[in-house]
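Below: one structure, written as structure tokens.
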Protein chains: 2
Amino acid sequence: MTRVLVVDDEPQIVRTLRINLTARGYEVATALSGEEALRVAASFRPEVVILDLGLPDIDGVTVIDGLRGWTGAPIIVLSARSDSGDKVAALDAGADDYVTKPFGMDELLARLRAAVRRASAVPAGEEAVVETAAFTVDLAAKKVRRGGAEVHLTPTEWGILELLVRNRGKLVGQKQLLREVWGPAYASETHYLRVYLAQLRRKLEPHPARPAHLVTEPGMGYRFEV
Amino acid sequence: MTRVLVVDDEPQIVRTLRINLTARGYEVATALSGEEALRVAASFRPEVVILDLGLPDIDGVTVIDGLRGWTGAPIIVLSARSDSGDKVAALDAGADDYVTKPFGMDELLARLRAAVRRASAVPAGEEAVVETAAFTVDLAAKKVRRGGAEVHLTPTEWGILELLVRNRGKLVGQKQLLREVWGPAYASETHYLRVYLAQLRRKLEPHPARPAHLVTEPGMGYRFEV
DNA sequence: AGCCCGGCTGACGGAACCTTGACGCCGCTG
DNA sequence: CAGCGGCGTCAAGGTTCCGTCAGCCGGGCT
């Protein structure tokens, strides 16, 4: 059950891909914009991404950058334009393959298989380490170090930190945090967040009272700053 | 100095590629036929292969097979035909990318960079014997030694230890352990883990009550530390 | 058949963790 | 200025999770 994220602003293409991929045993998530793609990717954790470059909100290369910040999953770019300039830019940004529309479904599927094969041929090829002035987070090993010594986190603490780090620099709403860490039924238990954010700060921040990396956005949510 | 092998039967294309690649700092070897390609590859040990499918002597897919038998280096296929059938066959045979002629040099270079980046992202260093302060694990021979004497492990014990050692440093979730050692149906039998981890620790750890290498992460899984 | 080894199960003490409530602080608003 | 809501802090249950032991069962070997 390989997880594939399909990003395209044309609902028709998204639908076609979803049907074809699902029929072949892939687990599919979709997004219609770049912003949505980055949000969905953080929780869905795709093993492959199929990404249309012509998105309405964000530039395609920016989306690639956002993904490459924390995942090594192969990215297959779709594009209507066959400009070689676009191809070069996308590939150099970190994309793995480039297919011009219109494309044959069997070709896309073959390229998908090739991409998955490459990725899985390499066990543990993930270099997902995020470093701040005070501590380092290893997303693959689920480890946190602070000044040489390893810091132990509970499952809940790690769940929060992981979600924030995967969306580093971006604001994560409290409802989203609660939904993804505790489950949909806990979407209004904002008190949990206060307790656990305090614990995380006590373990990670040099001055827990004046946090530099685990920042509160009053009334909205939290943000991880590097 | 990345080693690139260029395989094409048209001397003109070979020449163009050699000039362009050399100018960009690649180390280039060339072959004009499939048979020559396999021979040259064996001694040149390319890190990337650029392969034309329309060779006079051997079928392109056969060449891919021959290379894939002993190397994991990325293969970029060139072809005059844009048949989707050819693409699918080549990609499924183990090729990494497919470019149709005529192609832009900058696009090919970008795809080359992407291929090399992917390949080098993988350390590829499989160490078959792992050593800790207390004991030694030989993954290839399936043997464990502790202070000169060999320790006998049951199949289940070995299954757990092997999985943990292959992911050394990383946290392995209990569900993953159960799935890979006992099978998908046992994904919630966490009690098994407790029993077998205790056994492993009794056999391997100097102080089984305070494990130094087979570490528990409560609520999440286990971790092998060196 | 009898033995032995490895895998499974149940019980229990203890540790780690999550939840919950109380309290004080701060900024905003009426 | 008082009230209120959002936030941070702390500590005390209560629950889940873990380690350990001991015993049962079934299959392979002699």
Is the closest side-chain donor-acceptor distance between B:R113 and B:T2 under 3.5 Å?
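Absent: no donor and acceptor within the cut-off.
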Using a distance-only test with no angle check, is there a side-chain donor-acceptor pair under 3.5 angstrom linking B:T132 and B:R168?
no
Measure the acute angle between the ring planes of A:W182 and A:Y192, then classify it against the limits of 30° and 60° as parallel, tilted or perpendicular.
tilted
Applying salt bridge (charged side-chain N to carboxylate O under 4.0 Å, His left out) to A:E162 and A:R45, what does each step give before you reach the verdict?
CA-CA 12 Å; A:E162 182 179 19; A:R45 309 250 226 95; 3.0 Å; yes
Nucleotide by nucleotide, nucleotides 17-30 of chain C touches protein heavy atoms under 4.0 Å in the pattern (B base, S sugar-phosphate only, - none) SBBBBB--------
Could you state the atom-to-atom distance from CZ of B:R194 to C1' of C:dT9 in whole Å?
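Answer to the nearest Å: 12 Å.
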Should B:H213 and B:E205 be marked as a side chain to side chain contact (heavy atoms under 4.5 Å, CB included) after you check the CA-CA gap, both sets of side-chain angles, and the distance that decides it?
CA-CA 7 Å; B:H213 303 110; B:E205 293 270 8; 3.6 Å; yes
What closest approach, in Å, do A:E35 and A:D57 show between heavy atoms, and which atom pair accounts for it?
N-OD2, 2.9 Å
Ignoring hydrogens, what is the shortest heavy-atom contact between A:R179 and A:A187? Give both atom names and the distance.
CG-CB, 4.3 Å
Taking the side chain as everything from C-beta on, heavy atoms only, tell me whether B:R223 gets closer than 4.5 Å to B:E225.
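Yes, their side chains come closer than 4.5 Å.
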In terms of the nearest nucleotide of DNA chain D, which residue is placed more toward the 5' end: B:G221 or B:R202?
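Counting from the 5' end, the first nearest nucleotide belongs to B:G221.
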If you look at every strand shown and take non-hydrogen atoms under 4.0 Å, does A:T190 touch a base, only sugar-phosphate, or nothing?
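Result for A:T190 = nothing.
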Reading DNA chain D from 5' to 3', where do the contacts with chain B start and stop? Cut-off is 4.0 Å to heavy atoms.
D:dC17 to D:dT20
